[in-house]
Protein chains: 2
Amino acid sequence: MTVTLADVAARAQVSPATVSRVLNGNYPVAASTRERVLKAVDELDYVLNGPASALAAATSDLVGILVNDIADPFFGIMAGAIQSEIGGPGGRAGGERLAVVCNTGGSPERELTYLTLLQRQRAAAVVLTGGAVEDAVHKAAVAAKLRKLAEAGTRVVLCGRPPAPETGAVALTFDNRGGGRELTEHLLGLGHRRLGYIAGPEERTTTRHRLEGHRAALAAHGVEEDPRWTVHGRYDRQSGYEATLELLRRDPTLTAVVAANDSVALGACAALRDSGLRIPGDVSVAGFDDLPFSIDAVPALTTVRLPLAEAGARAGRIAMGREEPPPGGIATVRGELMVRGSSGAPRG
Amino acid sequence: MTVTLADVAARAQVSPATVSRVLNGNYPVAASTRERVLKAVDELDYVLNGPASALAAATSDLVGILVNDIADPFFGIMAGAIQSEIGGPGGRAGGERLAVVCNTGGSPERELTYLTLLQRQRAAAVVLTGGAVEDAVHKAAVAAKLRKLAEAGTRVVLCGRPPAPETGAVALTFDNRGGGRELTEHLLGLGHRRLGYIAGPEERTTTRHRLEGHRAALAAHGVEEDPRWTVHGRYDRQSGYEATLELLRRDPTLTAVVAANDSVALGACAALRDSGLRIPGDVSVAGFDDLPFSIDAVPALTTVRLPLAEAGARAGRIAMGREEPPPGGIATVRGELMVRGSSGAPRG
DNA sequence: AGCGACACAGCAAGCGCTTTCTATGCATAA
DNA sequence: TTATGCATAGAAAGCGCTTGCTGTGTCGCT
């Protein structure tokens, strides 16, 4: 019922080996033979059996992309960029590879399971995007898995994720610390001294790094931080909304709110607006990432632009072996401060 | 070097067949034997060879999800919902399946190629999301492909996409026409009579359906449409910005702008604002989809909410055979009008 | 004319797993 | 005790493809 290589071979009056070689094009085949084979393929509407081919050749054309949340443009943009370089259909590369995006939902277990699944499929490469979880046990487990993948010949690239030493993985890390510092310095420069900070989930590297940058800036300016000024939440709008109300409750005299990312900042804006406060007249707001929608906030969001698409594209090329990995296998990708309407001098 | 089933068998002092059966758990194996095998698996850190298993069993655990633009939350939300039901790691289903999200970028060729790739992998199921291209040739090609997939035992589900007759595919279609009509009726009810419409790409079904709904509403209210009031563009913010300027140029007396979707509407808002017009004081704006960010627009966007997550989840369940397909294999999913601040009575 | 070299094509041995069919052992029934 | 069955394990035949090696003609060279 299903057409196999042998059927094509029979029809083209050649051996299966020849058909395989025509299809893979890595062995000399006479033009006339090739044509005959191609014709047979076409007539029989033959479709290669991927698993069989992967088994025999001991390689597959699957490339895995792990993301924390596929509904978040932060990951969508990176995934899209990676995929376009992987050379899925229409991509720039030659061979047709199946780029598979896996949604971990931020769960460490799922991350591990997906890695195993990918290992099982003998994936050609794997790109992990976004921050990692700090938990030592999980970190070790992931590192072990990555090492194993690398040993099996799978190229591993981390995009926007801290390096994983001793795993052979190439890392393109975002300078979250630097970006956070710069952002807060901007606010301090405007004269703010009482800054609320809405951090992401406590256990994520991204959260910690951005917060550290923020604190470094405060320290550098001799501003003593009040513990009440930091609230942890999720990386979404609702969390930003709630956290802002909480911050306002704790200290109504805050003149600025720095958010873990743009979605959170949007929620913060909504909460401030609902509380009758003007932005930036009463309170300045800052985000992080510079996702497309942040320019449409009113006022437009001051934030740190992360070159998501560029980093993703580069990660994709490295994963495909079409670009040299950075020296030492680690590169830091810097963000750029985008000053817009949501930040201004504090009142008074 | 790589551990195989045979290695595990040797270590556990059983035959490969037994190991396979323990791993697949569909054949009686004595508890003590099972334990021994599991122990060996663990000790050797054995990982099943996916391709080999797929080849032998003639089925794979891959499920494909095709999206037009992975960076667009519209698709991200659906994909996430589908995936959670597919029962990837952590999903509700039992078996671990690899949900693979494929980004077609809206290109018909890529769509076809991805389908072939999935066919090649003998995917267990395929879910196609979002509008289709109207081109007859391509439509036929996709239909043929879908038919073939179905014949090969791959379950095919369309989510937010018009039905594909004679292909055996189950379709969950969004009522874009109805939503469009309702939206425009709302605007007409407010007293608007000169409505600009920013449509999506001409060749997409979604574009046509929404536009038809809009026009049906106009016709029902006896409003004669000026051809200058419709502009086609892409489904993104920038396109909305440019199209709005164009509309304003063509007819500065418009009192409302209806956008193809929320991103376009956001661009429209920006253009209006930049043109010194107030929303909704001077011009009302309406979007479509009700993506999360549309509530954060200022003023919040009047739009049609599409139950993206619900539809995706349902599509996922149907794809996994965990929910009965709708009668006739076709179901229409309705949107809900969300009236918010961006629409109001026209001036004068 | 004779010989090596070359360009192709085919043979056949797997790749690592699943699964049918067949053995074995032991408990139960007669 | 012998027959009957059930529970469980193993042997072995593929699944459809790739690829190293082995032919076989055809050239070009001396």
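Quick note on labels: first sequence line is chain A, next is B, and so on, each numbered from 1. Only a predicted model underlies this, so the values are computations on that prediction, with no experimental measurement involved. Heavy atoms only: backbone and side chains are in, while hydrogens, waters and symmetry mates are out.
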Tabulated below should be each protein N or O lying under 3.5 Å from an N or O of nucleotides 24-27 of chain D; please produce it.
none

Give me, pair by pair, the N or O atoms of the protein and of nucleotides 24-28 of chain C that are less than 3.5 Å apart, along with how far apart they are.
none

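Screening residues 145-154 of chain A for side-chain hydrogen bond (donor to acceptor under 3.5 Å, both in side chains) gives T116(A)-K145(A), Q119(A)-K145(A), K148(A)-D45(B) as the qualifying pairs, with residues at least two apart or on separate chains. For residues 14-23 of chain B, the set of pairs meeting the side-chain hydrogen bond (donor to acceptor under 3.5 Å, both in side chains) definition, not counting sequence neighbours, comprises S15(B)-T18(B), S20(B)-N24(B).
D61(B) has its CG atom 14 Å from the C1' atom of dT18(C), to the nearest Å. In this structure, CD of Q121(A) is placed 14 Å from C1' of dG16(C), rounded to the nearest angstrom. N24(A) has its CG atom 10 Å from the C1' atom of dT19(D), to the nearest Å. Note: CG (N26(B)) to P (dC17(C)) measures 16 Å, nearest angstrom.
At dC17(C), none of the side-chain N or O atoms of S20(B) fall inside 4.0 Å of OP1 or OP2 (strictly under the cut-off).
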Spell out protein contact along nucleotides 4-15 of chain C as letters: B when the base is contacted, S when just the sugar-phosphate is, - when no protein heavy atom is under 4.0 Å; keep the 5' to 3' order.
----SBBB--BB
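Annotation: salt bridge (charged side-chain N to carboxylate O under 4.0 Å, His left out) contacts of E323(B) (sequence neighbours excluded): R314(B), R317(B). Qualifying side chain to side chain donor-acceptor pair (under 3.5 Å) partners for E310(B), counting only residues two or more places apart in sequence or in other chains: none. Residues satisfying the side-chain contact (heavy atoms from CB on, under 4.5 Å) test with E35(A), not counting sequence neighbours, are none. Every residue meeting the salt bridge (charged side-chain N to carboxylate O under 4.0 Å, His left out) condition with K39(B), not counting sequence neighbours, appears here in chain and number order: E43(B). Qualifying salt bridge (charged side-chain N to carboxylate O under 4.0 Å, His left out) partners for R36(A), counting only residues two or more places apart in sequence or in other chains: none. Remark: R120(A) pairs with no residue by the salt bridge (charged side-chain N to carboxylate O under 4.0 Å, His left out) rule, at least two apart or across chains.
Residues L149(A) and T167(A) form no side-chain contact, since every pair of their non-hydrogen atoms from C-beta on lies 4.5 Å or further apart.
End-to-end axis angle of the helix from dA1(C)-dT30(D) to dA30(C)-dT1(D), from C1' rotation axes over five pairs per end: 40° (rounded to 10 degrees).
Shown here for P326(A) and V170(A), the closest heavy-atom pair between the two residues is CD-CG1, 3.7 Å.
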